[in-house]
Amino acid sequence: MTTAPATAPPAAAPAPSLTAVFIRLKLSLLRNGLRQSTGRTLAYVASVIMGLLCAAGAVLGLIALRGNAHAGALSVLLTGILTLGWAVMPLFFPTGDETLDPTRLVMLPLRPRPLIVALLVASLIGIGPVFTLALVVGSVVAVAHGAAAAVTGAAAVVLVVLVCVSLARAVATASVRLLTSRRGRDLAVLGGLFVAIGAQGVNIAAQKLGRPDGLAVLEPLGDVLRWVPPASAISAVEDAGQGAYGRAAAGLALTALALVLLLWWWQRTLTTLMTSPDSSTLQAVEKDSARGSGGGERGLARLLPDGRTGTVMLRTLRYAWRDPKSKMAWATALGVGLLVPIVSSVQGNGSIYTAFSASALLGMQMYNQFGQDTSAFWMVASTIATPRDAYEELRARALSLALVAVPYVTLVVIGTAALIGPWSDFLEVYGLSLAVLGALLATGALSSAVFPYSIPSEGNKNVAPGQGAIAWFSLFGGVLVGAVLCSPLLGLTIWLHVAGLHGLLWVLLPVGAAYGVGVAQLGLRVAAPRVAGRLPEILGAVSKA
């Protein structure tokens with residue numbers, strides 16, 4: 001009897017490459033996301049077209065600078081700015097690439113090193129890497145002269161792109177738990193403010209560079225950035241073209257070392273993230289318990305008046321600090337109010353009267369007070385039964401705003417007088433600024449009662465659908481009425497100037513301060529009975545989502 005030979009078990013299929021899996025995953029999620037709606041697809045296509053057009057324009061501009069004596073300084077500076085953008089964008093836009101969130105992979109049996117390679121390659125798919133690649137290639141073409149520079153440039157392009165992408169992923173991994181918390185979302189909301197400030201800086205820089213031989217001002221900064229990776233790789237291309245092979249090798253070595261250190265840091269933080277528990281909630285509970293065990297009021301609450309006034313002031317200030325949209329509105333007002341005089345001074349056409357932007361923007365925070373409470377306004381409405389209750393509510397909100405606005409306006413006017421001058425106009429501008437602030441507090445209280453509207457708690461919209469006209473009429477109508485309220489004080493100022501009574505302009509400070517307090521008090525008195533009488537309408541308007 002013969003036995004059949006034993007058959008060998010079938011060979012196990014080789015495991016697919018982790019990098020290929022992540023690339024297919026990235027493409028699939030991107031494709032499925034675009035299938036969700038036509039609007040999303042059109043927005044993505046439009047962003048791709050705009051990104052490619054901007055990249056093409058930048059590349060053509062850099063190529064046109066080829067042979068310019070200052071092209072190297074400009075290319076190095078552009079690379080530095082590009083790297084800084086990759087470093088900070090994950091902090092301001094943490095949900096920009098949800099497919100690469102490492103916290104989604106903690107339950108999978110993946111080793112850190114292959115995972116980093118897969119994440120790095122998958123991160124190269126997108127508009128950002130393509131835009132970066134285009135700018136880096138344009139920078140290399142602008143400074144490369146000769147075969148040695150061309151070879152160095154090829155290596156520099158790869159190193160710069162990898163450093164930028166690795167830096168972004170390492171920062172995102174190290175900050176992922178912060179970015180997914182409430183404070184992280186607040187940071188993302190504030191990103192718009194930094195973008196606005198950065199846009200003003202770019203505008204000023206473009207004006208400076210537009211002057212004859214404007215690129216020469218970049219040389220001192222370029223001399224410093226030449227040794228900062230990855231800009232050192234771009235500098236290495238220029239050095240190779242000039243025959244300075246030692247400096248070229250040093251520049252490339254610095255960028256390669258930076259890439260190795262970034263990958264090491266990324267691997268270390270990724271390992272820690274995927275192997276250690278998230279104790280942020282426990283830490284928050286411990287902190288709250290420690291705060292509660294101290295007993296009594298602490299901090300600002302101890303300085304506020306007792307009763308309803310102090311309670312409402314504390315609630316308003318906490319909203320401004322904790323609610324992302326309220327924080328964004330306050331931060332924008334504070335930042336732009338300070339930025340306008342500075343930008344005007346740098347552009348050479350500044351005036352001390354630009355300090356009015358501080359009081360105007362802070363005063364606008366009084367508008368739509370009840371809409372800022374969103375759906376929680378029903379709890380406030382339940383405490384308002386008489387015009388007196390409404391007056392105390394509005395007065396406390398105005399006081400909380402004035403608690404920040406008055407010191408801030410004072411500092412901005414002082415700073416503008418010191419930066420732009422003249423100091424002889426300080427008392428006049430300060431008095432008028434206080435009057436403007438009081439007028440906007442008055443019209444803001446009245447507008448909140450007559451034209452309330454809802455602010456959606458989710459998304460980036462500040463006005464609920466269908467209420468846009470109410471919001472615009474509330475704001476611009478209130479500002480127009482505020483300007484009318486300030487006309488007596490403005491007329492007094494013009495008369496003193498025309499009559500040559502410059503020695504009496506100091507009276508505008510006490511008169512403006514008293515006028516601001518008086519008109520704000522009048523506005524609160526007029527708005528209070530309207531709030532009490534229109535509570536159902538206000539509640540219905542601010543509750544629409």
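Every value quoted in this text rests on a predicted model; they were computed, and no experiment measured them.
- The closest side-chain heavy-atom distance from Gln365 to Leu440 is not below 4.5 Å.
- Looking only at distances, a side-chain donor or acceptor of Ser448 sits under 3.5 Å from a matching main-chain atom of Gln369.
- The CZ atom of Arg318 sits 13.0 Å away from atom CE of Met313, with the distance rounded to the nearest 0.5 Å.
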Go through it in stages, so that I can follow the logic: the residues are Leu317 and Val404, the test is side chain to side chain contact (heavy atoms under 4.5 Å, CB included), and I'd like the CA-CA distance, side-chain angles, deciding distance and then a yes or no. CA-CA 9 Å; Leu317 293 173; Val404 177; 4.3 Å; yes
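- Ionic pairing of Glu537 and Arg530 is not present here: no N-O contact between side-chain nitrogen and carboxylate oxygen is shorter than 4.0 angstrom.
- Listed for the Ser447 side chain is no donor-acceptor partner under 3.5 Å among the backbone atoms of Thr443.
- Across Cys486 and Ala439, no two heavy atoms sit closer than the pair SG-CB, 3.6 Å.
- Trp423 has its side chain out of reach of Ile352: every pair of non-hydrogen atoms, C-beta onward, lies at least 4.5 Å apart.
- Two residues are said to be in side-chain contact when any heavy atoms from C-beta on lie closer than 4.5 Å; Tyr391 and Gln521 meet this criterion.
- Atom CH2 of Trp378 and atom OG1 of Thr383 lie 11.0 Å apart (nearest 0.5 Å).
- Among residue pairs with one or both ends in residues 364-373, those qualifying as salt bridge (charged side-chain N to carboxylate O under 4.0 Å, His left out) are Asp373-Arg397; sequence neighbours excluded.
- In terms of heavy atoms, Gly431 sits closest to Leu489 at O-CD2, 4.3 Å.
- Considering CG of Leu441 and CG of Leu399, their distance stands at 9.0 Å, rounded to 0.5 Å.
- The distance from the CG atom of Leu539 to the CZ atom of Phe370 is 11.0 Å, given to the nearest 0.5 Å.
- When all heavy atoms of Ala405 and Leu437 are compared, the closest pair comes out as CB-CD2, 3.8 Å.
- Taking each heavy atom of Ala442 and Gly523 in turn, the nearest pair found is CB-CA, 3.7 Å.
- Contact between Pro341 and Leu338 at its shortest, heavy atoms only, is CD-O, 3.4 Å.
- Atom-to-atom distance recorded for Asp425:CG and Ile420:CD1 is 11.5 Å, nearest 0.5 angstrom.
- Side-chain contact between Val409 and Phe356 is absent, with no heavy-atom pair separated by less than 4.5 Å.
- Using a 4.5 Å heavy-atom cutoff, the side chains of Val429 and Thr416 are not in contact.
- Between atom CG of residue Leu77 and atom CG of residue Leu82 there is a gap of 11.0 Å, rounded to the nearest 0.5 Å.
- A donor-acceptor pair under 3.5 Å is formed between the side chain of Tyr367 and the backbone N or O of Gly478.
- By the 4.5 Å heavy-atom criterion applied to side chains, Ile414 and Tyr430 are not counted as neighbours.
- Residues Val130 and Leu52 have side chains in contact (heavy-atom distance under 4.5 Å, counting atoms from C-beta outward).
- In this structure Leu505 satisfies the side chain to side chain contact (heavy atoms under 4.5 Å, CB included) test together with Glu428, Leu496, His497, His502, Leu508, sequence neighbours excluded.
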List the steps, then state whether side-chain hydrogen bond (donor to acceptor under 3.5 Å, both in side chains) holds for Ser400 with Arg315. CA-CA 9 Å; Ser400 64; Arg315 182 188 70 217; over 6 Å; no
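- With hydrogens and angles disregarded, a donor-acceptor distance shorter than 3.5 Å links the side chain of Thr173 to the backbone of Arg169.
- Residue Trp495 places its CH2 atom among 12 or fewer non-hydrogen atoms of other residues, nucleotides or ligands, all under 6.0 Å distant.
- Put simply, the side chain of Glu393 does not reach to within 4.5 Å of the side chain of Asp389, judged on heavy atoms.
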Go through it in stages, so that I can follow the logic: the residues are Val380 and Ile384, the test is side chain to side chain contact (heavy atoms under 4.5 Å, CB included), and I'd like the CA-CA distance, side-chain angles, deciding distance and then a yes or no. CA-CA 7 Å; Val380 177; Ile384 300 176; 4.3 Å; yes
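- Nearest heavy-atom pair, Leu135 versus Ala58, reported as atom, atom and distance to 0.1 Å: CD2-CB, 3.2 Å.
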